[in-house]
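These notes concern the structure reproduced below.
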Amino acid sequence: MKEALSEADSPVPAPAEVVTVDPDDPPYESRPRASRGDDVPLLANVELARIFYEIGDMLELQGELPFKTAAYRRAADSIAHSPADVATAYRRKAPPALSGVGKAIADKLAELTDTGRLRFYERLRRDVPPSLVTLLAVPGLGPRTAGDLWRALGITSLDELEVAARAGRLRAVRGISERTENKIIDGLEQLRKRPPRRMRLGQASEILERLAILLGGVSGVRSVVPAGSYRRRRETVGDLDLLVETDRGRDLIEALHASAAVERVGGHGGRLGQLRTTVQLLRGPQLDVMTMPLGATGTYLVHFTGSADHNVRLRELARDRGWSLSEHGFTRLGEDGEALAGQGAERRTFATEEEVYDFLGLPFIAPELREDRGEIEAAREGRLPELVDISDLQGDCHTHSEWSDGSKPIDVWAEAARRRGYAYQVLTDHSHSLTIANGLDPGRVEQQRRIIGELNERFAREEAAGSLPDGAHPSGFRLLHGCEMEIRTDGRLDYDDALLARFDVVVASLHVGRRQPRKQLMERYFTALRSPHVDIIAHPSGRKIGIREDLDLDWDVFYRTAAETGTLLEINGSDERLDLDDRRIRAALEAGCRFTVDSDAHYMSEWDNVIWGIGLARRGWLEKRHVANTLPRDEFLALIADKPHRVA
DNA sequence: GCCGTTTTCGGCCCGACTGTTTTCAGTCG
């Protein structure tokens, strides 16, 4: 079940920081619960989830029943992915219905939010050394063996493990040979050398495209499909997965192994005409390649796209209908509930994913939704969203020219955007207080406006004369004058109202003073949200994945204020931002917010960031009507002009 | 520990690979 662990979205503080045990504090049992209450800090969903993941790990190390440990992890998944703020809801005595959370875990959640502590968890941490959990990161070392090593040799940390392994002491434990011992030493070295790092979507895409061209050229190959978390558009990608439809699997595997892109061949095997191999790419990630039989790719695509949790649900559904589901297809279950084996077994395979879902009585579920976050129920009840699509975008509301920190002159952007087929693009150079990005003072804003006006006049003349460039939008193109206005540390906006009123679109954001306390940050955002001129808040959380943490905000209040004032929230498609993230998009949607999906392009190559933005929007269950820049130009401008503009 | 238009008890997802072992358990995706 490392699978479930690695799927946890973002790192959270070490548990030691979450549950504080003060030696001078009277023991919990002696304090009446009511005396704690509101001064207990509320834990974020990821922090709560982390505790339950860890409980699952520790129980497993203790040798607890697998179903019990799995139950804790399922509950942790549910908490981590809940759009509601779980701790706040519990504090308000209105716990949300979370699948996998029954009485026992609900009680633990109540205790945690009420007192900031969990006695069960504290006891476990006394019984099972918390550092033992770190052993599970060693490739090939699972909870069973780690628990055995701890009980037999008292090993509780990576350092102790290494010392014992090098001294040849591990093989004293039953089930561990010299060979296994060496494998553990290898695993430890791998762990040191290559810390597990997930790739950004853009990096994954580049590698996958190259490989798809390589493999697509091998004879017998009919299609190459990237699968796994990349296809689901998770915000970062670990290993890469490629599915190849071919009847000449051996040729394919040989071609891959012979490629200069491959540093090391891990392993390969397969059966039922389906082959697979794992390779280490040169200066790159690990790649799994699986072949699919011609014309029967449906269950393979479903299986290797995942997520693990989604697949579990599908297999349960299959089971209910008397079938066992695997990547190879459906197999009829016998009287005893076991899949029938051998020649006589009834098997079903399908050419497409649509047919696989149909066989299970479900409509097609888009890859971005396959996380077991309610999509199965929604599919069953016919209320899956009609997801927004990249082809719905009519314009981009966040781009930079060389006037601030972008790369090209204004007219070059405008011409290229026109040929790209957009109906509009908003030029949003930085405002003057952001001097590091060469922000524009009011004088330069006026100059910019004149240039944009002249360009648009020329476009209008050309359209009237019927001379549109190749690829142009049928309704023509206009460059809209906007800005990315800094919300200053003292809470003031960077331009005055008179100047702001003259922009077509005002995007506000916050780059400096990120470490201010929550109250101050919220005040700054309130000023922008309540301004009649601010249309969009760009990259609201301010995070950079793996580099910079989120701003400390009261998110529920933020969403509510955005919805009330009709301020749009940006989904920034830059693959190092991806901000808002999918969980926040869903929460904001429930609060009644509306969105834009933007590239934040500084270079033209970054225009395609909207692909990741749309992926994220789809993971957040957004439909076309929720995304403002899917509107035709006139409607978009009317919406912007008329704030508030809430979703009906 | 969770969960139920076949159940409040008895189930709970699938297959491949690996290693240690003579028939299976642990790990992984």
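No experiment lies behind these values; they were computed from the predicted model shown. Here is how names work: the chains are called A, B, and so on, in the same order as the sequence lines, proteins then strands, and each is numbered from 1.
In this structure, E254(A) and V218(A) have side chains that are not in contact, with every pair of non-hydrogen atoms separated by 4.5 Å or more.
Applying the 4.0 Å criterion to OP1 and OP2 of dC13(B), one finds that R315(A) has every side-chain N and O outside that range. Of the side-chain N and O atoms in R319(A), one or more sit less than 4.0 angstrom from OP1 or OP2 of dC14(B). Contact check, S326(A) against dC13(B): no side-chain N or O comes under 4.0 Å of OP1 or OP2. The shortest distance between the side-chain N/O atoms of H310(A) and the OP1/OP2 oxygens of dC13(B) is not below 4.0 Å. At least one side-chain nitrogen or oxygen of S324(A) sits closer than 4.0 Å to the OP1 or OP2 atom of dC14(B).
Comparing the same atom, C1', in dT5(B) and in dG1(B) gives a spacing of 24 Å after rounding to whole Å. Rounded to a whole angstrom, the distance from the P atom of dG15(B) to that of dG10(B) is 26 Å. Across dA25(B) and dT21(B), the matching C1' atoms stand 10 Å from one another, rounded to whole Å. One P atom belongs to dT6(B), the other to dC2(B), and the distance between them is 23 Å to the nearest Å. The C1' atoms of dC13(B) and dT27(B) are separated by 16 Å, rounded to the nearest whole Å. Spacing between dT8(B) and dC3(B) at atom C1', rounded to whole Å, works out to 9 Å.
Among the protein residues, P66(A) comes within range of no part of the nucleic acid, since none of its heavy atoms lies under 4.0 Å from any strand. Residue L314(A) is classed as having no contact, given no heavy-atom separation below 4.0 Å to the nucleic acid. Contacts of F304(A) with the nucleic acid, taken as non-hydrogen atoms under 4.0 Å apart, are absent. Counting any heavy atom pair closer than 4.0 Å across all strands shown, T69(A) reaches no nucleic acid atom.
Straight-line distance from the CD atom of Q286(A) to the P atom of dC28(B): 12 Å, rounded to whole Å. R174(A) has its CZ atom 14 Å from the P atom of dC24(B), to the nearest Å. Across the protein-nucleic acid pair, K183(A) atom NZ and dC28(B) atom P stand 8 Å apart, rounded to whole Å. E60(A) has its CD atom 14 Å from the C1' atom of dA25(B), to the nearest Å. In this structure, L109(A) places its CG atom 13 Å from C1' of dG1(B), rounding to the nearest Å. Summarising the geometry, the separation between CG on L333(A) and P on dC13(B) is reported as 12 Å, rounded to the nearest angstrom. The distance from atom CZ of R179(A) to atom C1' of dC17(B) is 12 Å, rounded to the nearest whole Å. When the P atom of dG29(B) is taken as reference, atom CG of D309(A) falls 15 Å away, rounded to whole Å.
By the ring pair (Phe, Tyr, Trp, His ring centres under 6.0 Å) test, W323(A) is found to be paired with F359(A), residues two or more places apart in sequence or in another chain being considered. Remark: K93(A) engages no residue in a side chain to side chain donor-acceptor pair (under 3.5 Å) (not counting sequence neighbours).
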Derivation of the side-chain contact (heavy atoms from CB on, under 4.5 Å) call for L314(A) and Y357(A) = CA-CA 9 Å; L314(A) 295 187; Y357(A) 282 100; 3.9 Å; yes
message = Determine whether E368(A) and R619(A) satisfy the following criterion, salt bridge (charged side-chain N to carboxylate O under 4.0 Å, His left out), listing intermediate values before the conclusion.
response = CA-CA 5 Å; E368(A) 294 93 335; R619(A) 287 179 63 83; over 6 Å; no
key: Chi angles and distances behind the salt bridge (charged side-chain N to carboxylate O under 4.0 Å, His left out) call for R166(A), E189(A)   = CA-CA 12 Å; R166(A) 292 198 186 280; E189(A) 274 166 9; 3.1 Å; yes
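At least one cation-pi condition fails for R123(A) and Y121(A): the charged atom is not both under 6.0 angstrom from the six-membered ring centre and inside a 45 degree cone around its axis.
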Give each protein N/O atom lying under 3.5 Å from an N/O atom of nucleotides 3-7 of chain B, with the pair distance.
from: dC3(B); atom 1: OP1; to: G100(A); atom 2: N; distance (Å): 2.8

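The nucleotide whose nearest atom lies closest to any side-chain atom of F67(A) is, among dG29(B), dA16(B), dC12(B), dC12(B). Listed candidates were dA16(B), dT27(B), dC2(B). Nearest to the side chain of R276(A) is dA16(B). Side-chain atoms of I105(A) lie closest to dG1(B) of the nucleotides dA16(B), dC13(B), dG1(B). The listed nucleotides are dT27(B), dG1(B), dG29(B); the one nearest the side chain of D239(A) is dG29(B).
In this structure, CZ in F330(A) is found 4.0 Å from CG in L360(A), a value given to the nearest 0.5 Å.
Along DNA chain B, the nucleotide nearest to E327(A) and the one nearest to H303(A) differ in position, and the one closer to the 5' end is contacted by E327(A). Where G175(A) and W323(A) each meet DNA chain B at their nearest nucleotide, the meeting point lying more 5' is that of W323(A).
Both distances falling under 3.5 Å, in either a Watson-Crick or a G-U wobble arrangement, place dG26(B) opposite dC17(B).
A donor-acceptor contact shorter than 3.5 Å is absent between the side chain of Q274(A) and the backbone of H328(A).
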